Participant: 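Submitted below is the structure of interest, expressed as structure tokens.
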Amino acid sequence: MSIFQKVKEAVSTKEAASFYGIKVGRSGLCRCPFHNDNTPSMKVDIRYFCFGCGAKGDVIDFVCKLYGLAPYDSAKKIADDFSIIYSENTYDEPMQSTDRKSYSPDPEIIKRRKEFEHQRAHEQSVHDVLFSLHEYRDKLKSFKERYAPYSMDELDKCNPLFYEALGNIDKVEWMIDQLTFGYKDEQIEFIKNYKGDIENVKHRNSELI
């Protein structure tokens with residue numbers, strides 16, 4: 001796999017923009033660094049697009065333009081800064097480097113890398129918890145519909161899974177909302193405070209396979 005492919009698969013433009021000091025909002029909007037942008041007009045995600053000046057491209061294009069680098073130098077800088085392992089001989093595009101110097105990370109880059117790794121680990125943790133909560137919520141909804149009694153007389157004869165759904169679905173939906181819309185500090189505190197509930201949800205999901 002070429003260095004270009006490795007970089008594009010490992011790092012999004014949004015991650016690179018934040019890493020290189022551009023303040024990105026929760027919606028992925030930021031002030032475009034390529035023109036005099038008074039209000040956020042650039043959308044960054046896997047790729048980027050500026051609604052103001054029309055600049056667009058992938059993460060390599062973004063760093064090319066941000067630092068005035070050739071494509072290979074841009075890919076190499078991203079790989080070095082984000083600790084992506086690559087071979088010098090595995091690039092497959094006929095582009096010449098304008099500067100073959102080694103990008104030895106300075107203390108600021110090391111600091112940013114640690115912050116990036118911490119942020120990515122946090123996002124993965126939140127993603128994993130939300131995945132488990134959504135999985136359990138969907139099962140509870142299914143139980144509530146499938147085992148609902150046909151009349152009040154059958155309430156005491158319902159499948160236990162129906163009662164499990166009634167007793168847990170509201171709380172699980174509340175937990176999903178707290179994690180989905182909370183800020184980072186709130187998410188960290190939530191996962192810490194509800195660690196037991198989260199483990200119970202994961203265990204219950206494994207039992208209900």
Side-chain angles (χ1 to χ4, degrees), residues 1-86 90-127 130-131 134 176-188:
M1 183 184 293
S2 74
I3 185 174
F4 297 97
Q5 292 171 306
K6 285 191 173 184
V7 165
K8 290 176 185 178
E9 289 186 4
V11 183
S12 69
T13 303
K14 182 178 181 180
E15 290 170 334
S18 296
F19 186 88
Y20 293 122
I22 296 172
K23 186 176 181 180
V24 180
R26 296 182 69 179
S27 62
L29 287 173
C30 64
R31 291 187 178 184
C32 177
F34 308 134
H35 77 280
N36 187 17
D37 196 5
N38 294 321
T39 57
S41 63
M42 176 176 280
K43 176 71 173 180
V44 289
D45 195 356
I46 301 300
R47 296 174 62 84
Y48 71 95
F49 178 78
C50 179
F51 297 94
C53 67
K56 62 181 179 179
D58 56 33
V59 63
I60 294 174
D61 299 323
F62 184 85
V63 175
C64 275
K65 197 163 185 177
L66 189 65
Y67 289 97
L69 299 172
Y72 178 73
D73 287 322
S74 173
K76 187 173 184 298
K77 175 175 175 57
I78 298 168
D80 289 342
D81 290 345
F82 284 84
S83 299
I84 299 169
I85 299 174
Y86 66 94
T90 57
Y91 61 96
D92 53 10
E93 298 184 28
M95 300 178 179
Q96 295 299 315
S97 169
T98 58
D99 186 357
R100 292 287 180 174
K101 70 179 181 180
S102 175
Y103 290 100
S104 299
D106 60 23
E108 180 62 26
I109 290 295
I110 294 174
K111 178 184 176 183
R112 290 180 188 176
R113 181 186 298 158
K114 289 180 179 179
E115 292 173 349
F116 168 76
E117 291 172 350
H118 183 271
Q119 178 64 23
R120 178 170 278 186
H122 167 72
E123 291 174 354
Q124 185 61 52
S125 175
V126 171
H127 176 272
L130 281 173
F131 181 87
H134 278 282
I176 289 172
D177 287 343
Q178 294 300 303
L179 269 183
T180 301
F181 300 109
Y183 289 96
K184 181 179 178 180
D185 290 345
E186 295 171 334
Q187 291 172 331
I188 292 173

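Computed from a prediction, not measured in an experiment: that's the story for all the values here.
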Participant: Is the charged tip of Arg26 near the ring of Tyr183: under 6.0 Å from the six-membered ring centre and within 45° of its axis?
Facilitator: yes
Participant: In Å and rounded to the nearest 0.5 Å, what is the CD1 to CG distance from Ile78 to Asp73?
Facilitator: 11.0 Å
Participant: Measuring only between side-chain heavy atoms, which start at C-beta, is Met42 closer than 4.5 Å to Phe49?
Facilitator: no
Participant: What residues form a side-chain hydrogen bond (donor to acceptor under 3.5 Å, both in side chains) with Gln119, not counting sequence neighbours?
Facilitator: Glu123, Lys184
Participant: Salt bridge check, Lys76 against Asp80: does any charged N sit closer than 4.0 Å to a carboxylate O?
Facilitator: yes
Participant: Taking atom types as modelled and ignoring hydrogens, do the side chains of Asp58 and Tyr48 form a donor-acceptor contact shorter than 3.5 angstrom?
Facilitator: no
Participant: Below 6.0 angstrom between ring centroids: does that apply to Phe62 and Tyr67?
Facilitator: no
Participant: Hey, are the side chains of Lys23 and Pro40 touching, using non-hydrogen atoms and a 4.5 Å cut-off?
Facilitator: no
Participant: Would you please name every residue forming a salt bridge (charged side-chain N to carboxylate O under 4.0 Å, His left out) with Arg31, sequence neighbours left out?
Facilitator: none
Participant: Can you measure from NE2 (His122) to CD1 (Ile188) and round to the nearest 0.5 angstrom?
Facilitator: 5.0 Å
Participant: Is Asp81 paired with Lys77 through a side-chain N to carboxylate O contact shorter than 4.0 Å?
Facilitator: yes
Participant: Looking only at heavy atoms, which two atoms of Leu66 and Tyr20 are closest? And how far apart?
Facilitator: CD2-CB, 4.0 Å
Participant: Taking the inter-plane angle between the rings of Phe131 and His127 on a 0 to 90° scale, is it parallel (under 30°), tilted (30 to 60°) or perpendicular (over 60°)?
Facilitator: parallel
